[in-house]
Amino acid sequence: MDLLRVFGGARLAGDVDVVGAKNSALKLMAVTLLAPGRSVITNVPRITDIAIMAEVLRRLGCEVTSEGDRIEIDVPDECGTEADYDLVRRLRASICVLGPLLARRGHVRVAHPGGDAIGSRGLDMHVAGLRRMGADITSEHGFVIATVSERLHGATVWLDFPSVGATENLLMAAVLAKGTTEIDNAAREPEIVDICEMLTAMGAKIGGAGTSQLIVEGVDALRPVEHRTVGDRIVAGTWAFAAAMTRGEVTVHGVPVAHLEIALDKLVTAGAEVDPVGDGFRVRMGRRPTAVDIVTLPFPGFPTDLLPMAVGLAAVSEGASLITENIFDGRFMFIQELVRLGAEIRTDGHHAVVRGRERLSGAPVSATDIRAGAGLAVAALCGDGVTEVSHVHHIDRGYPTFAADLTGLGAHVERVQAPAEPVFGL
Ligand code: EPU
């Protein structure tokens with residue numbers, strides 16, 4: 001296993017290109033299941049999660065090939081109906097094949113993904129919504145099994161919470177259902193809009209994309225298309241926070257300001273200058289950041305996936321910040337690692353009080369999930385000495401060129417093989 005060695009005291013400067021969003025591309029791959037034939041998705045990040053999703057589709061009978069940032073998926077007339085635990089446990093997002101397979105094949109068996117390092121992550125809203133549309137759903141031997149006697153029908157579904165995954169599954173089921181489906185309190189993330197745009201190009205009839213009410217008029221069939229993935233706002237936001245934390249100047253290409261409005265506004269409150277430029281934005285910070293309070297919420301609120309960067313910023317800011325996490329119950333797990341870097345943080349439930357320090361201090365830390373890993377590596381840039389971030393494969397899952405991008409921005413980082421763990425015996 002590799003670890004990332006980060007040398008503290010960096011000031012990030014320069015330009016960085018951001019590719020397509022993992023959390024969109026994975027779902028766009030599932031969208032292709034809705035239409036037999038050859039669909040093409042471009043601007044796809046080259047990361048393990050995409051390779052796992054490709055394998056999920058292959059086992060459903062699809063032919064999947066890729067070159068550079070382009071993936072071609074040839075979907076058979078009669079695709080398979082099962083996603084096994086050996087893949088679903090490695091890629092929770094594979095649950096997004098539930099909606100499209102149910103809509104096309106009338107029955108599906110997907111392994112229950114279980115929880116993960118950032119929280120318990122339920123499926124109740126996916127299940128309740130599909131039941132409203134006529135599906136019969138049971139859970140047996142670790143599988144979610146869904147069947148529908150004839151065809152899914154339109155329904156009004158009110159989500160208790162604007163869940164990204166539930167909105168996507170219901171949307172992908174509704175486009176081929178008989179009649180009109182209304183999804184209220186729907187998620188509004190740019191990745192949802194991206195899916196709506198691809199579905200619309202395939203012939204789906206969707207109103208309200210980007211609002212909390214989606215109206216879907218079901219059609220009999222969809223056609224394959226070519227679609228470009230929306231830029232990754234979380235990767236872009238990571239570089240924006242890294243620029244502010246290291247008092248640098250970074251221009252981020254590939255993601256518009258509109259996809260990160262609140263996050264960038266927090267950086268402005270902390271003392272940064274943020275300007276839109278061409279296909280992205282520039283962040284410039286000339287002094288130590290001022291502490292700001294941050295609350296995570298569904299889009300357009302502050303993204304939970306930037307929570308580790310928010311805590312990192314607070315850890316080096318002047319003053320105390322109150323950071324509140326509202327989406328995932330395990331998101332604060334990484335905080336004990338940040339404390340190892342000298343951060344002064346106290347948590348109480350889903351609140352964290354962070355007292356900023358002028359400088360952190362390099363130490364070995366462990367990445368617990370994608371965003372925590374990236375957040376720790378960025379915080380390490382603000383430390384004295386060297387930090388070794390282990391379990392760097394977590395970072396690889398969300399950031400295709402993390403170390404190279406940091407190097408390109410002037411940081412000193414090295415990716416090295418972790419020494420083997422000693423085995424102790426009695
Ligand atoms: N929830 C339920 N029941 C449901 C659905 C969700 O209780 O039926 C709860 C979850 O347990 C969680 C909250 O609602 O506490 C939010 O879940 P949501 O469904 O919105 O998130 P998700 O679809 O599981 C996606 C991203 C996450 C991102 C969240 C929020 C993918 C593959 N994952 O997860 O990304 O944090 O939306 O924006 O799209 C990441 O990329 O590192 C990551 C975790």
Side-chain angles (χ1 to χ4, degrees), residues 20-31 45 47-50 52-53 56 88 90-99 112-132 137 139 144 157-172 183 185-195 212 229-230 232-238 259-260 262-263 296-310 325-334 350 367-375 394-400 402:
K22 161 183 85 82
N23 289 347
S24 202
L26 288 169
K27 321 307 169 53
L28 297 174
M29 291 171 78
V31 165
I47 49 176
T48 319
D49 282 15
I50 295 288
I52 300 173
M53 191 65 182
V56 171
V88 178
R90 294 177 65 194
L91 178 66
R92 194 181 189 282
S94 29
I95 193 70
C96 69
V97 300
L98 187 64
H112 197 296
D116 67 9
I118 57 171
S120 42
R121 312 189 80 175
L123 286 182
D124 50 310
M125 287 181 262
H126 303 236
V127 169
L130 292 172
R131 279 192 178 135
R132 277 274 167 102
I137 305 185
S139 176
V144 178
V157 179
W158 177 268
L159 296 179
D160 295 338
F161 175 90
S163 153
V164 171
T167 302
E168 290 163 345
N169 252 327
L170 297 177
L171 189 57
M172 288 188 267
I183 308 173
N185 200 24
R188 293 186 273 164
E189 272 70 3
E191 295 78 28
I192 303 275
V193 176
D194 202 23
I195 293 168
S212 53
T229 314
V230 70
D232 197 318
R233 67 196 162 96
I234 304 302
V235 174
T238 302
H259 290 181
L260 273 170
I262 290 190
T296 66
L297 280 173
F299 191 85
F302 189 95
T304 175
D305 290 339
L306 287 178
L307 186 276
M309 294 56 177
E325 165 62 26
N326 286 315
I327 315 294
F328 289 114
D329 47 23
R331 196 54 119 176
F332 280 173
M333 254 180 62
F334 85 102
H350 62 132
T368 45
D369 70 84
I370 307 173
R371 313 301 171 188
H394 284 300
I395 303 179
D396 297 338
R397 288 188 49 206
Y399 298 79
F402 191 73

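Note that ligands are numbered from 1 as they come in the structure, with each ligand's atoms numbered from 1 the same way. For the numbers below, each heavy atom of this structure counts, side chains included, while hydrogens, waters and symmetry mates do not. Numbers here simply count residues along the sequence, with the first being 1.
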Under 4.0 Å to a heavy atom of K22 - the qualifying atoms of ligand 1, by number: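 This gives 40 (C), 41 (O) as the contact atoms.
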Give the atoms of ligand 1, by number and element, whose distance to some non-hydrogen atom of I327 is under 4.0 Å.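 In order of number, 12 (C), 13 (C), 15 (O), 16 (C).
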May I ask you to check if ligand 1 and [X] share an N or O to N or O distance below 3.5 Å?
X    : answer
R371 : yes
P162 : no
G122 : yes
I370 : no

Should R331 be listed as contacting ligand 1, given a heavy-atom distance under 4.0 Å as the test? yes
How about R188 and P300: do any of their side-chain heavy atoms sit closer than 4.5 Å?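 Result yes, sub-4.5 Å side-chain heavy-atom pair found.
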Does the side chain of I395 reach to within under 4.5 Å of the side chain of I370, using non-hydrogen atoms?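 Contact flag for I395/I370 side chains = no.
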For atom 39 (O) of ligand 1, which candidate among M53, K27, E189 provides the closest heavy atom?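 Looking at heavy atoms only, the winner is K27.
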Heavy-atom nearest neighbour of atom 12 (C) of ligand 1 within options F161, F299, F328: F328
So does D369 pair up with R331, basic N to acidic O under 4.0 Å? yes
